[in-house]
Amino acid sequence: MSLDKFDLQKVHGKFDESLVGEDDVYVDQYLEAFKELYKFFQLMGTVFGFVSSDVKEKVEILEKFRAKENADSFLTIRTMMEYEQESNLLNKKDYVSGSRTLLRLHRGLDFIQEFLKRLGDLESDGKTIGACQTAYNDTLAQFHPWLIRKGATVAMYALPTRDQLLEKVCLDVTVAMQLLPEMLVVTRKVYDRTQDLYTKYDLHGLP
């Protein structure tokens, strides 16, 4: 995962490709989109340190599942959940669960789409700290212990204005702002489908 600039078009393209059928998501394309989002977190530096290391680790775990002999069981989010449930793997002590691993990415996606949505509503010279704190408090903060929440909130004080932030992480600010609404529509579709699958298989509470 190199530290090139963050490409919003690639996130949009990969998440769009990940949509399969009426209600499922391909794991490979989902992970490719997340590798691009990882660049965003990395380019932001210590502000998102609490997210980026976790994202990298989770993506690598899921990629290993897709490289195993039973890779087809992990082709989509639905096939992965069904396979792990039917094989009674979710309660197995020494088993690293793909469904549990993806749940962490899923929660991270909720945060990033919320933050980018709020970012899009700001003026070019608007401060991004409020957008970031609100997005974080509405999403990821609910799953983080106090110490991480405190550290994340303090780190956010270092956030620059909207355009300064986008210039730091994006290939082209103007293009990024034009693409953002479209990308958020696709991201929301992927998020909603994944959320529905976690609800259907009753896996929101995976430890």
Side-chain angles (χ1 to χ4, degrees), residues 1-19 28-60 63 104-144 148-192 194:
M1 297 182 185
S2 64
L3 261 190
D4 305 326
K5 287 287 182 102
F6 169 61
D7 187 350
L8 214 68
Q9 178 84 57
K10 189 170 181 184
V11 177
H12 176 273
K14 289 299 174 185
F15 272 139
D16 200 33
E17 287 171 28
S18 78
L19 298 166
D28 286 348
Q29 288 84 341
Y30 183 96
L31 295 179
E32 285 300 316
F34 246 99
K35 283 185 188 176
E36 202 58 36
L37 290 175
Y38 172 76
K39 286 182 194 173
F40 178 84
F41 291 128
Q42 281 289 91
L43 288 160
M44 293 288 289
T46 53
V47 182
F48 287 135
F50 65 98
V51 178
S52 63
S53 58
D54 201 38
V55 165
K56 184 172 188 287
E57 180 197 355
K58 302 299 185 264
V59 167
E60 286 170 355
E63 282 184 327
R104 302 312 187 259
L105 292 179
H106 176 61
R107 291 169 180 171
L109 184 58
D110 194 19
F111 164 63
I112 189 66
Q113 70 176 5
E114 214 27 70
F115 178 46
L116 288 173
K117 187 175 113 202
R118 291 174 185 281
L119 214 57
D121 293 337
L122 291 174
E123 298 294 325
S124 58
D125 60 350
K127 291 191 181 296
T128 55
I129 175 175
C132 191
Q133 284 182 339
T134 305
Y136 177 67
N137 289 335
D138 287 351
T139 58
L140 268 182
Q142 298 165 42
F143 307 103
H144 284 164
I148 291 179
R149 289 202 309 271
K150 182 74 177 165
T153 305
V154 169
M156 287 171 200
Y157 283 104
L159 283 169
T161 63
R162 188 200 78 180
D163 274 13
Q164 285 171 337
L165 185 151
L166 292 175
E167 275 160 20
K168 183 179 178 184
V169 302
C170 292
L171 294 163
D172 185 311
V173 176
T174 310
V175 172
M177 287 309 294
Q178 285 169 350
L179 285 171
L180 188 58
E182 208 179 318
M183 189 213 91
L184 288 171
V185 169
V186 175
T187 309
R188 172 51 67 181
K189 265 189 202 168
V190 172
Y191 178 84
D192 286 347
T194 309

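Numbers here are sequence positions counted from 1.
Atoms CG and NE2, from Asp7 and His12 in turn, are 12.0 Å apart once rounded to the nearest 0.5 Å. The NZ atom of Lys58 sits 15.0 Å away from atom NE2 of His106, with the distance rounded to the nearest 0.5 Å. Note: Tyr38 OH to Leu105 CG = 12.5 Å, rounded to the nearest 0.5 Å. Arg107 contributes atom CZ, which lies 8.5 Å from atom CG of Leu140 (distance to the nearest 0.5 angstrom). Distance check: Lys189 NZ to Asp16 CG gives 7.0 Å after rounding to the nearest 0.5 Å.
Annotation: ring pair (Phe, Tyr, Trp, His ring centres under 6.0 Å) contacts involving residues 158-180, sequence neighbours excluded, are absent.
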**Item:** Stepwise side chain to side chain contact (heavy atoms under 4.5 Å, CB included) test for Phe40 and Val55
**Value:** CA-CA 11 Å; Phe40 178 84; Val55 165; over 6 Å; no

**Request:** Give the intermediate values and the outcome of side chain to side chain contact (heavy atoms under 4.5 Å, CB included) for residues Leu119 and Leu166.
**Result:** CA-CA 9 Å; Leu119 214 57; Leu166 292 175; 4.0 Å; yes

**Request:** Could you go through the side chain to side chain contact (heavy atoms under 4.5 Å, CB included) check for Arg104 and Asp54 one step at a time?
**Result:** CA-CA 8 Å; Arg104 302 312 187 259; Asp54 201 38; 4.2 Å; yes

**Request:** Report the C-alpha distance between Met183 and Leu116 in whole Å, list the side-chain angles of each, state the deciding distance to 0.1 Å, and finish with yes or no for side chain to side chain contact (heavy atoms under 4.5 Å, CB included).
**Result:** CA-CA 10 Å; Met183 189 213 91; Leu116 288 173; 3.8 Å; yes

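Take Asp28 and apply the side-chain hydrogen bond (donor to acceptor under 3.5 Å, both in side chains) test, not counting sequence neighbours, and it matches Arg66. Legend: residues meeting side-chain hydrogen bond (donor to acceptor under 3.5 Å, both in side chains) with Lys10, ordered by chain and number and at least two apart, are absent. Shown here are the salt bridge (Lys or Arg N to Asp or Glu O under 4.0 Å) partners of Glu17, two or more places apart in sequence or in another chain: Lys14. Under the salt bridge (Lys or Arg N to Asp or Glu O under 4.0 Å) criterion, Arg118 pairs with Glu114, Asp138, sequence neighbours left out.
Within the 6.0 Å centre-distance limit, the rings of Phe34 and Tyr30 are counted as a close aromatic pair.
Remark: side-chain polar atoms of Glu36 are not paired, donor with acceptor, to backbone N or O of Val11 under 3.5 angstrom. Although no hydrogens or angles enter the test, the distance criterion places no donor-acceptor pair under 3.5 Å between the side chain of Lys39 and the main chain of Cys170.
For the pair Arg149/Tyr136, a side-chain contact is recorded, criterion being any heavy-atom separation below 4.5 Å from C-beta on. When side chains are defined from C-beta on, Phe15 counts as touching Leu37, because their heavy atoms get closer than 4.5 Å.
In this structure, Phe111 and Phe115 have parallel ring planes: the angle between them is below the 30° cut-off, well short of the 60° mark.
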Anything under 3.5 Å between a donor and an acceptor, one on a side chain of residues 155-165, the other on a protein residue two or more places apart or in another chain? List them.
from, atom 1, to, atom 2, distance (Å)
Thr161, OG1, Gln164, N, 3.4
Thr161, OG1, Gln164, OE1, 3.1
Arg162, NH1, Leu122, O, 2.9
Gln164, OE1, Thr161, N, 3.1

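Looking at every heavy atom in both residues, Leu109 comes nearest to Thr187 through CD1-CG2, 3.4 Å. Residues Gln142 and Asn137 come closest through the heavy atom pair NE2-O, 3.9 Å.
Salt bridge status for Lys117 with Asp121: absent, with no side-chain N to carboxylate O gap under 4.0 Å.
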